[in-house]
Amino acid sequence: MSLTQFARDIEEGLSSNPKRLSSKYFYDAVGDKLFQQIMNLEEYYLTRAELNIFQTQKERFLELFDSGGAFRIVELGAGDGMKTKVLLKYFQGEGADFSYCPVDISANVLNDLERNVKAEIPELKIEPLAGDYFKVLADLKFKNHKRNIAFFLGSNIGNFRHDLAVDFLSSIQSNLHKGDYLLIGFDLKKDPKRILAAYNDSQGVTKAFNMNLLTRINNELDGDFKLENFDHNPIYDPLTGECRSYLIAKKEQDVCLNAIQKKIHFRQWEPIFMEVSKKYDLSEIEALANSTGFKVVENLFDDEKLFADSIWEVV
Ligand code: AVI
């Protein structure tokens, strides 16, 4: 039987001790919709905070990016480009010499984005690129020698384990030229109650977002997870800055994944680790930049100092 990567990862994660699932699998069609809803929740401050940075500091972004020559914005995981469009419109209006390369694994996402950006900013030079981030950056490196400014927004780096964040950022660095920039979004350490509320919203959307991975496993691996037997339990550790989400088995049970002939036993109150969303302070941001071949040029903050967009230069 040849297993898909999804099947292999799920089998491995649920056979581990402690059990774990990867949050990268949250994003099927239903998961994408739930994440859109999360971003509009009152408790989920991250998206609004980063949008506030873009709205209030667009002039500063342009001063930093425009060093006289042409530049290229390469957005890794562009999604709907909602926040980025604020900068693109401003830069275009100021007559900056730049182009926009949204990068995403999904060609569908890119088609929608291109249509929507062209309708709003018809004069913008846009070159969508479908594929793996590193491959796209490696191709661009040898294309023409415009200054690249890679964007990795939305606190996505917070979903990486520390060693994997270091590997990921080092790979980005090695696919950029000296002097190129990376604009990277970090959610900052703050009142633990506010952080926990963002991952435990009162409407239960974040719970549904986590539970949806069990539904996805049921659908794709012919599983029989009973969702009512699990509860969503996020915790925040102010020492490490890690908000960690778990699904907890409310009773002892077996779950069958028929497509891969696998039976998983759960003890009562046994957790499945689902996701880490790490919160940073400024010294950690600087240490991460320095350990991956960058230096911090400037940190830009929203009005409440909840979030930082950190601008790094390849050294
Ligand atoms: C995509 N990522 C930055 C989100 C976060 O805040 O860690 C995913 C998320 N998980 C629960 N709510 C939002």
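Values in this document were obtained by computation on a predicted structure and should not be read as measured data. First listed ligand is number 1; within each ligand, the first listed atom is number 1.
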Worksheet item: Mind checking whether Tyr27 and Phe209 have parallel, tilted or perpendicular rings, split at 30° and 60°?
Response: perpendicular
Discussion item. Using a 4.0 Å heavy-atom cut-off, which part of Asn159 comes near ligand 1: side chain, backbone, both, or neither?
Written reply: side chain
Worksheet entry | Nitrogen or oxygen of Thr206 less than 3.5 angstrom from that of ligand 1 | no
Response to the item:
Per-atom filter on ligand 1: closer than 4.0 angstrom to a heavy atom of Tyr44 are 4 (C), 5 (C), 6 (O), 12 (N), 13 (C)
Worksheet item: Taking the inter-plane angle between the rings of Phe71 and Phe98 on a 0 to 90° scale, is it parallel (under 30°), tilted (30 to 60°) or perpendicular (over 60°)?
Response: parallel
Worksheet item: Considering only the protein, which heavy-atom contact is closest to atom 7 (O) of ligand 1, and what is its distance?
Response: Ser277 OG, 2.7 Å
Worksheet item: Looking at ligand 1, does Gly158 have a heavy atom less than 4.0 Å from it?
Response: no
Worksheet, complete the sentence: Numbered in order shown, the ligand 1 atoms found under 4.0 Å of a heavy atom of Gly154 are 3 (C)
Discussion item. If you apply the rule side-chain contact (heavy atoms from CB on, under 4.5 Å), what do you find for Asp28 with Asn219, and how did you get there?
Written reply: CA-CA 11 Å; Asp28 63 356; Asn219 293 340; 5.9 Å; no
Worksheet, complete the sentence: The option among Phe26, Tyr199, Tyr27 carrying the non-hydrogen atom nearest to atom 12 (N) of ligand 1 is Tyr199
Worksheet entry | For atom 10 (N) of ligand 1, the protein heavy atom that lies nearest, with its residue and separation | Glu275 OE1, 2.8 Å
Discussion item. Tell me if the aromatic rings of Tyr100 and Phe91 count as close, with their centers under 6.0 Å from one another.
Written reply: no
Worksheet entry | Flag for Asp281-Ser283: side-chain donor and acceptor within less than 3.5 Å | yes
Worksheet item: Taking the non-hydrogen atoms of Phe35, is any one of them nearer than 4.0 angstrom to ligand 1?
Response: yes
Worksheet item: Between Asp180 and Asn148, is there a donor-acceptor pair closer than 3.5 Å when you use the side chain of the first and the backbone of the second?
Response: yes
Item to complete: Just jot down the ligand 1 atoms closer than 4.0 angstrom to any heavy atom of Ser155, in number order.
Response: 3 (C)
Item to complete: Apply side-chain hydrogen bond (donor to acceptor under 3.5 Å, both in side chains) to the pair Lys279 and Tyr236, showing each step before the final yes or no.
Response: CA-CA 10 Å; Lys279 313 305 166 191; Tyr236 176 64; over 6 Å; no
